[in-house]
Protein chains: 2
Amino acid sequence: MRALAVEDDARIATDLTSALQAAGFVVQTCADGEAAWFLGDTEDFDLIVLDLGLPRLDGLTVLKRWRAAGRDMPVLVLTARGTWSERVEGIDAGADDYLPKPFRMEELVARARALVRRSAGRGGAVQSAGELTLDANRMTVARRGVPVAVTALEYRLLGYLMLHHARVVAPGELLEHLYGDDFSREANALEALVARLRRKLGPGIIGTRRGFGYFLQGAEAQG
Amino acid sequence: MRALAVEDDARIATDLTSALQAAGFVVQTCADGEAAWFLGDTEDFDLIVLDLGLPRLDGLTVLKRWRAAGRDMPVLVLTARGTWSERVEGIDAGADDYLPKPFRMEELVARARALVRRSAGRGGAVQSAGELTLDANRMTVARRGVPVAVTALEYRLLGYLMLHHARVVAPGELLEHLYGDDFSREANALEALVARLRRKLGPGIIGTRRGFGYFLQGAEAQG
DNA sequence: GCGAGGCTGACACCGCGCTGACACAACGTA
DNA sequence: TACGTTGTGTCAGCGCGGTGTCAGCCTCGC
């Protein structure tokens, strides 16, 4: 974990550094707004602790510029003045958390850890098998990175096959998953669906085991 | 946006509700820990405001149980006692933010909004995706910098889509977060809402994936 | 070579999603 | 209180995309 501590009071800066280091961060410090802005914009930090009262460039301005530039690292703001309107201002400028001086180092560290933990927990719901990639967020399908337009039903079929990509899935099971208890469909509906999908995806994606069912042709080539 | 306010003091609960509603949340309240635990575990909220002093089940316990169950919605904790050790305890239990009583409703709302935005990985009060810009303070919308007059409901729809601008949002989810548990509306209400919004914003902003839902058309047009 | 299971193109149908018109409630105003 | 205004849900209708059905062909396995 890399942390940047922006603080012009040398004593507080020292305390900050040692506290963060004790919590496992690699700490870099800087003492004025211009330098902070440059560092935060050009380098990658897992956390920034930002004092608002800074020489050369105000902390709030620095923060706003980072956010305007699309930098979204967690920023913990420190300020001497503790009025509520100040705090609202800081939060609206894009601060992730706020701590009024004076504060206990234990609390700062706890909040720092919480911020980092939270920002780490953002992942994509993208899964892939073989050449195929499904994006559950955008509901899109791609083969070798080339997007393929699929309908809702086709997507669900692919999703189920990918979920069980290591085995051959029986037509009955697929029908049940796609349509639930509604057995009004003929078995051919599934075959038509697979055919359309194959036309869109090209060969080598959906395989057939005659008499057993369908499977995703991925890493493991089934005879 | 759906918010749950857990607060046993009726007067504070009322104030909370109206403040959050004014900020565009659909608010549900409950007054004891058991009910809060159940609601937070079974339903989907964009934000939970949690008082620690609760009858039947302590707020901290409720929070820990949610986290243990893998529920990761943003939780803003309120407490009467403002000692720093208390705060550390709350944060370690999984709180995303902390506000000691007494507090200003303005600050609570600012923090609430910040939490919600942050949970989607974004910073400031002004957020944009593609050509669209939302200002959470003024509740205004602009396309390419040109302001567009939208109603409260339209704004909330856009806000939710922008919060989840990377994914396709199902109609059911939109209905739930726009109206809460009130299922009196026909699905067509949403379609009408989207239609009106599209007329105001012009084409190329709100996209449809037939069978899936709606999404914000940003830089990336889907395949 | 035969038969059954699987594939495919054509087609029809259905329902999803869009739209304009209307109804009605909430609100401000004269 | 009566009246416009505004916001929003409801309704009916419609176009079209998605999907099931069908008939016929292909192909695998014996």
Side-chain angles (χ1 to χ4, degrees), chain A residues 139-141 148-161 168-180 182-215 217 222-223, chain B residues 18 21-22 24 26 139-141 148-161 168-215 217 222-223:
Chain A
M139 300 293 183
T140 55
V141 175
V148 178
V150 249
T151 70
L153 198 61
E154 290 166 353
Y155 181 90
R156 286 206 286 148
L157 173 63
L158 281 179
Y160 194 79
L161 283 183
V168 176
V169 183
E173 186 182 341
L174 277 173
L175 283 171
E176 189 182 337
H177 175 254
L178 289 178
Y179 306 113
D182 181 3
F183 287 114
S184 62
R185 274 90 176 172
E186 308 252 330
N188 197 355
L190 179 61
E191 294 165 15
L193 186 64
V194 170
R196 278 190 278 258
L197 212 30
R198 285 210 251 241
R199 197 182 316 156
K200 289 181 180 179
L201 295 171
I205 297 289
I206 303 178
T208 307
R209 290 299 292 263
R210 194 170 251 254
F212 291 102
Y214 299 98
F215 63 97
Q217 290 174 299
Q222 306 245 3
Chain B
S18 48
Q21 277 174 347
V26 177
M139 297 264 203
T140 56
V141 176
V148 178
V150 289
T151 69
L153 195 60
E154 289 166 353
Y155 179 88
R156 288 201 279 148
L157 173 63
L158 281 179
Y160 194 80
L161 283 182
V168 175
V169 184
E173 183 182 342
L174 277 174
L175 285 172
E176 185 180 338
H177 286 259
L178 286 178
Y179 305 114
D181 279 343
D182 183 1
F183 287 113
S184 60
R185 275 89 177 172
E186 307 256 327
N188 198 353
L190 179 61
E191 293 163 17
L193 186 63
V194 170
R196 279 190 275 259
L197 210 30
R198 285 211 251 241
R199 201 177 313 154
K200 289 182 180 178
L201 295 171
I205 298 288
I206 303 178
T208 307
R209 292 295 301 269
R210 194 173 249 253
F212 289 115
Y214 298 98
F215 65 99
Q217 290 174 297
Q222 92 291 354

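A note on names: the letters A, B, ... follow the listed sequences, proteins ahead of strands, and every chain is numbered from 1. These numbers come from a predicted model, not from an experiment.
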query: Can any side-chain N or O of R198(A) pair as donor or acceptor with the backbone N or O of P203(A) at less than 3.5 Å?
result: no

field: Whole-Å gap separating P (dC16(C)) and CG (L153(A))
entry: 13 Å

query: Would you say Y214(B) reaches dC18(C)'s phosphate, i.e. side-chain N/O to OP1/OP2 under 4.0 Å?
result: yes

message: Can you measure K200(B) atom NZ to dT6(D) atom P for me and round it to whole angstrom units?
response: 11 Å

- request: Supply the atom-to-atom distance L178(A) CG to L157(A) CG, rounded to the nearest 0.5 angstrom.
  value: 5.5 Å

- request: Take atom CG of L174(B) and atom C1' of dG17(C), then tell me their distance rounded to the nearest Å.
  value: 14 Å

- prompt: Out of dT19(D), dT8(D), dT8(C), which has the shortest distance to the side chain of N188(A)?
  reply: dT8(C)

dT8(C) OP1/OP2 closer than 4.0 Å to side-chain N/O of R196(A): no

query: Counting side-chain heavy atoms from CB outward, which of dC7(C), dT10(D), dT21(D) is closest to T208(A)?
result: dC7(C)

task: Let me know the distance between CZ of F212(A) and P of dG6(C), rounded to the nearest Å.
output: 11 Å

message: Under a 3.5 Å cutoff, is there a donor and acceptor pairing between the side chains of T151(A) and R209(B)?
response: no

field: Separation of dG17(C) C1' from F215(B) CZ (nearest whole Å)
entry: 14 Å

- prompt: Which listed nucleotide (dT19(C), dT19(D), dG7(D)) is nearest to the side chain of T151(B)?
  reply: dG7(D)

message: With a 4.0 Å limit, can you tell me whether R199(A) has a side-chain N or O closer than that to the phosphate oxygens OP1/OP2 of dG9(C)?
response: yes

statement: The reported gap from CG in L161(B) to CZ in R156(B) (rounded to nearest 0.5 angstrom) is 13.0 Å

- prompt: When you match L190(B) and L190(A) each to their closest nucleotide on DNA chain D, which lands nearer the 5' end?
  reply: L190(B)

task: Determine: side-chain N/O of Y179(A) to OP1/OP2 of dT19(D), distance under 4.0 Å, yes or no.
output: no

message: Is there, by distance only and without an angle test, a donor paired with an acceptor across the side chain of R210(A) and the base of dG5(C) below 3.5 Å?
response: yes

query: Could you state the CG-C1' distance from L175(A) to dT21(D), rounded to the nearest angstrom?
result: 14 Å

statement: Atom CD of E191(B) and atom P of dT8(D) are separated, to the nearest Å, by 17 Å

- prompt: Over how many whole Å does the gap from R156(B) atom CZ to dG9(D) atom P extend?
  reply: 9 Å

Y214(B) and E173(B), any side-chain heavy atoms less than 4.5 Å apart: no

- prompt: How would you label the contact of L193(B) with the nucleic acid (heavy atoms, under 4.0 Å): base, sugar-phosphate, or nothing?
  reply: nothing

